[in-house]
Structures are given as structure tokens and as C-alpha cells.
**Student:** 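Sending over a structure as C-alpha cells; questions will come in a sec.
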Amino acid sequence: MDERRESEATPTKNHTTVERKSELELVVTRTVNGPARLVFEAWTKAELFRRWWVPKSYGLTLLSCEMDVRAGGQYRLVFRHEDSTMEFFGTYLEVTPHSRLVWTNEEGDNGKTITTVTFEGNAGKTLLVVHDLYPSKEALDSGSTGALPETLDQLDELLVSLGSSTETK
């Protein structure tokens, strides 16, 4: 099974590829305009993560963002949408600075989804590969990965606003 969707690329915007690799796997690929070290920080520092992760078009407000980014550490995101709240939470399984993150998504009724993100730097840009492994076809069909092209656009905007001066030492 190989369903592929691509967002449109414009001269100022990178395109995102979303591929369904099997009934359980979805892979999102995108190059973003920033070094791997800075992109990794945007995924692992709550003060940066909360600035780009929530897709603006969804009408969500991120109420809290707790991230203990280490193997065995937990994360918890709480959102408000209209009059209700929802939580996303899980456990970091692997944290390899600037190159790889693996975590679980445990909030669904259909079992744990495992997300793996790799960061491959090249000439000031980073190739991101987001691989979601769902516990069932139904879980994949109801997953929220459809928002990733928009959130990755927002990540690119954040990276531009940060410039290279925010890079870690």
C-alpha cells in the first residue's frame, strides 16, 4: 500500500509528502529551513514547541505543554477546543540529540501509536522524517497526522524567526 499526498511547494514554502506505507504505517517527509540542532530544539524544548505545534486552522488553544525529554520521560499536552479540553500524552522511548526522537502516543482507545522522528542536517537545512506506527488500521484512519503539513509550515516560520542565533552551543 502506498498512498501519497503532497502539499504544494511555493518559492518560500517547502513541500510535505505524506505516504501511507501499510495499513499501520504513515510516513511524513519534509525539508525545513534550519540546522538539525535548532530543529531538534524546536521539538524538544517546550517554550519552542508550543510556538509551532498547534495547527492554527484547527481553532485549538494549547493550555499546557509538559515535556520531560529523556528516555522514559513523559509528555502531556492539554488543548481547549470551544467548550471542551483534550489531552495528548505518552512516553519518550529514545532521545538521540539532534538526530532521533521516539515516543508513544497513549491517549487513544485503540492502543499505543509509536512515533519516530529523524533529523538529517545538510547545508543548513534538515530533512525530517516522521514515521507513525499505529496499533491498527482503524487507529491510523482516525489519527491526527493530517495536520502535520500545516504544523510543519509553522515550524518553518518559527525557524525563520529564530534565525541561526538561537542555535545551541
Side-chain angles (χ1 to χ4, degrees), residues 1-34 36 38-44 48-60 62 65 67 69 71 73-79 81 84 86-96 98-122 125-159:
M1 178 176 294
D2 185 10
E3 295 177 29
R4 176 179 269 201
R5 293 177 283 161
E6 295 186 12
S7 66
E8 288 185 34
T10 65
T12 58
K13 182 174 145 184
N14 295 308
H15 83 270
T16 303
T17 301
V18 180
E19 295 177 82
R20 189 173 180 148
K21 295 287 192 179
S22 72
E23 290 188 353
L24 305 179
E25 296 173 280
L26 195 66
V27 175
V28 177
T29 305
R30 173 156 176 163
T31 297
V32 294
N33 298 322
L38 185 58
V39 177
F40 187 83
E41 282 191 4
W43 285 76
T44 58
L48 296 176
F49 186 82
R50 65 184 314 133
R51 292 172 58 186
W52 66 272
W53 183 254
V54 181
K56 293 176 183 171
S57 70
Y58 279 49
L60 300 170
L62 182 58
C65 175
M67 303 170 75
V69 184
Q74 308 271 307
Y75 71 89
R76 179 174 298 276
L77 307 172
V78 179
F79 298 92
H81 180 63
S84 65
M86 56 186 154
E87 295 184 23
F88 295 89
F89 52 91
T91 303
Y92 292 100
L93 301 176
E94 182 180 336
V95 178
T96 305
H98 313 146
S99 64
R100 185 176 165 93
L101 285 173
V102 182
W103 68 84
T104 63
N105 302 285
E106 302 173 23
E107 66 279 350
D109 295 332
N110 298 323
K112 292 181 185 176
T113 297
I114 297 175
T115 298
T116 302
V117 181
T118 58
F119 306 80
E120 184 179 322
N122 184 9
K125 296 186 176 199
T126 301
L127 173 65
L128 285 172
V129 178
V130 181
H131 178 269
D132 283 331
L133 177 60
Y134 290 86
S136 67
K137 179 183 180 307
E138 293 75 24
L140 187 151
D141 290 342
S142 65
S144 60
T145 309
L148 264 178
E150 181 177 353
T151 58
L152 294 176
D153 287 346
Q154 294 171 184
L155 173 60
D156 252 337
E157 292 170 13
L158 173 69
L159 294 169

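Keep in mind the model is a prediction, meaning the values are calculated, not measured.
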**Student:** Who pairs with Thr115 by side-chain hydrogen bond (donor to acceptor under 3.5 Å, both in side chains), at least two apart in sequence or on another chain?
**Tutor:**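 Scan of Thr115 (side-chain hydrogen bond (donor to acceptor under 3.5 Å, both in side chains), adjacent residues dropped) gives Asn105, Asp132.
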**Student:** What residues form a side-chain hydrogen bond (donor to acceptor under 3.5 Å, both in side chains) with Ser84, not counting sequence neighbours?
**Tutor:**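 So Ser84 forms no side-chain hydrogen bond (donor to acceptor under 3.5 Å, both in side chains) with any residue.
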**Student:** Under 3.5 Å, side chain of Tyr134 to main-chain N/O of Gly111, donor-acceptor pair present?
**Tutor:**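 Checking the backbone N and O of Gly111 against the side chain of Tyr134, no donor-acceptor pair under 3.5 Å is found.
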**Student:** Evaluate the ring planes of Phe49 and Trp53, with Trp represented by its six-membered ring, and classify them as parallel (under 30°), tilted (30 to 60°) or perpendicular (over 60°).
**Tutor:**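 Parallel.
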**Student:** Could you tell me if the side chain of Arg20 sits less than 4.5 Å from the side chain of Glu25, heavy atoms only?
**Tutor:**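 They are not in side-chain contact.
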**Student:** Taking only residues two or more places apart in sequence or in another chain, which ones pass side chain to side chain contact (heavy atoms under 4.5 Å, CB included) with Arg100?
**Tutor:**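 Per chain and number, Arg100 pairs via side chain to side chain contact (heavy atoms under 4.5 Å, CB included) with Glu94, Thr96, Val102, Thr116, Thr118.
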**Student:** Would you say that Met86 contacts Leu60 through its side chain, given a criterion of any heavy-atom pair below 4.5 Å between the two side chains?
**Tutor:**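 Touching, per the 4.5 Å side-chain cut-off.
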**Student:** If you take all heavy atoms of Ala36 and Phe119, which pair is closest and at what distance?
**Tutor:**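 For Ala36 and Phe119, the tightest heavy-atom pair comes out as CB-CB, 4.4 Å.
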**Student:** Among residues at least two apart in sequence or on other chains, which ones pass side chain to side chain contact (heavy atoms under 4.5 Å, CB included) with Val27?
**Tutor:**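 For Val27 the side chain to side chain contact (heavy atoms under 4.5 Å, CB included) partners, ignoring immediate neighbours, are Lys21, Thr29, Val129, His131.
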**Student:** Quick one: does Phe40's side chain get under 4.5 Å of Val95's, heavy atoms only?
**Tutor:**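 Yes, their side chains come closer than 4.5 Å.
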**Student:** Please list, chain by chain and in numerical order, all residues satisfying side chain to side chain contact (heavy atoms under 4.5 Å, CB included) with Glu87, sequence neighbours excluded.
**Tutor:**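 Here the qualifying residues are Arg76, Val78, Phe89.
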**Student:** Quick check: closest heavy atoms across Thr151 and Val54, and the distance to 0.1 Å?
**Tutor:**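 In terms of heavy atoms, the two residues are closest at CG2-C, 4.3 Å.
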**Student:** Is there a donor-acceptor pair under 3.5 Å between the side chain of Glu107 and the backbone N or O of Phe88?
**Tutor:**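 No.
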**Student:** Counting the benzene-type ring for Trp, do Phe79 and Tyr58 have ring centres under 6.0 Å apart?
**Tutor:**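 No; Tyr58 has its ring centre 6.0 Å or more from that of Phe79.
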**Student:** Could you walk me through whether Asn122 and Leu127 pass side chain to side chain contact (heavy atoms under 4.5 Å, CB included), step by step?
**Tutor:** CA-CA 8 Å; Asn122 184 9; Leu127 173 65; over 6 Å; no
**Student:** Kindly give the heavy-atom pair with the smallest separation between Tyr75 and Thr104, and that separation in Å.
**Tutor:**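 Taking Tyr75 first and Thr104 second, the nearest heavy atoms are OH-O, 2.8 Å.
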**Student:** Taking the side chain as every heavy atom from C-beta outward, state whether Leu159 and Leu38 have any atom pair closer than 4.5 Å.
**Tutor:**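 Result yes, sub-4.5 Å side-chain heavy-atom pair found.
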**Student:** Give a yes or no on this: more than 12 heavy atoms of other residues, nucleotides or ligands lie within 6.0 Å of atom CD of Glu120.
**Tutor:**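 Count not over threshold, so no.
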**Student:** Picking from Thr126, Asn14, Asp153, what satisfies side chain to side chain donor-acceptor pair (under 3.5 Å) with Arg30?
**Tutor:**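 Answer to the side chain to side chain donor-acceptor pair (under 3.5 Å) test with Arg30 among Thr126, Asn14, Asp153: Asp153.
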**Student:** Salt-bridge test for Lys125 and Asp156: reply yes if a basic N is under 4.0 Å from a carboxylate O, no otherwise.
**Tutor:**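 Result for this pair is no, no salt bridge flagged.
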**Student:** Check for a donor-acceptor pair, side chain of Ser22 on one end and backbone N or O of Leu24 on the other, with a separation under 3.5 Å.
**Tutor:**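 Such a contact is found between Ser22 side chain and Leu24 backbone.
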**Student:** Checking Tyr92 now: which residues fulfil side-chain hydrogen bond (donor to acceptor under 3.5 Å, both in side chains) with it, not counting sequence neighbours?
**Tutor:**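 Partners of Tyr92 under the side-chain hydrogen bond (donor to acceptor under 3.5 Å, both in side chains) test: none.
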**Student:** Take Trp103 and Val69, measure what side chain to side chain contact (heavy atoms under 4.5 Å, CB included) needs, and give me the verdict at the end.
**Tutor:** CA-CA 10 Å; Trp103 68 84; Val69 184; over 6 Å; no
**Student:** How close do Ala42 and Leu158 get, counting heavy atoms only, and between which atoms?
**Tutor:**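 For Ala42 versus Leu158, the nearest heavy atoms are CB-CD2, 4.2 Å.
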**Student:** Just do the side chain to side chain contact (heavy atoms under 4.5 Å, CB included) check on Leu62 and Leu77 with the steps written out, would you?
**Tutor:** CA-CA 7 Å; Leu62 182 58; Leu77 307 172; 4.2 Å; yes
**Student:** How close do Thr113 and Pro135 get, heavy atom to heavy atom, and via which atoms?
**Tutor:**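 That would be OG1-CD, 3.6 Å.
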**Student:** Evaluate Thr16 against Leu148 for side chain to side chain contact (heavy atoms under 4.5 Å, CB included), listing each step before the verdict.
**Tutor:** CA-CA 8 Å; Thr16 303; Leu148 264 178; 5.6 Å; no
**Student:** Taking it one step at a time, do Glu157 and Arg51 satisfy salt bridge (charged side-chain N to carboxylate O under 4.0 Å, His left out)?
**Tutor:** CA-CA 10 Å; Glu157 292 170 13; Arg51 292 172 58 186; over 6 Å; no
